[in-house]
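Positions are given from 1, in the same order as the sequence printed here.
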Amino acid sequence: MKENGLKYGFVAEKSGIDPKKFSRIINGQTRLTVEELEVICKKGLSVSPSLFLK
């Protein structure tokens with residue numbers, strides 16, 4: 001996200017995920033569910049989740 005100039009708060013908001021929870025996910029303090037990955041990719045980043053599963 002940083003490489004593409006995206007701020008965590010912006011992606012969290014677009015994804016509909018609480019920014020505090022998003023921060024915990026990014027920092028490895030909370031496990032990322034498949035559903036959350038899908039929402040973050042599709043709504044927050046506008047990419048396919050498969051991009052991160054290769």
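Distance check, rounded to the nearest 0.5 Å: OG1 of Thr33 to CD of Glu35 gives 4.5 Å.
Looking only at side-chain heavy atoms (C-beta outward), Phe52 and Cys41 come within less than 4.5 Å of each other. A heavy-atom distance below 4.5 Å is found between the side chains of Ile40 and Leu32. Under the 4.5 Å side-chain criterion, counting only non-hydrogen atoms from C-beta, Lys7 is not in contact with Lys2. Within the 4.5 Å cutoff, the side chain of Asp18 has no heavy atoms near those of the Phe22 side chain. Under the 4.5 Å side-chain criterion, counting only non-hydrogen atoms from C-beta, Met1 is not in contact with Phe10. The side-chain heavy atoms of Lys14 and Ser46, taken from C-beta on, include a pair separated by under 4.5 Å.
Residues Val39 and Val11 do not share a hydrophobic cluster, defined by chaining ILVMFWY side chains whose heavy atoms lie under 4.5 Å apart. Placement of Ile17 and Tyr8 within a single hydrophobic cluster is found when ILVMFWY residues are connected by side-chain heavy-atom separations under 4.5 Å, directly or transitively. Ile26 and Leu51 fall within a single hydrophobic cluster, where Ile, Leu, Val, Met, Phe, Trp and Tyr side chains are chained together by heavy-atom contacts under 4.5 Å.
Ala12 approaches Pro19 most closely through the heavy-atom pair CB-CA, 4.0 Å. Shortest non-hydrogen contact noted between Glu36 and Arg31 is OE1-O, 3.7 Å.
Between the Ser48 side chain and the Ser50 main chain, a donor and an acceptor come within less than 3.5 Å of each other.
The pair Glu38-Lys43 fails the salt-bridge criterion, with no side-chain N (NZ, NE, NH1 or NH2) lying under 4.0 Å from an Asp/Glu carboxylate O.
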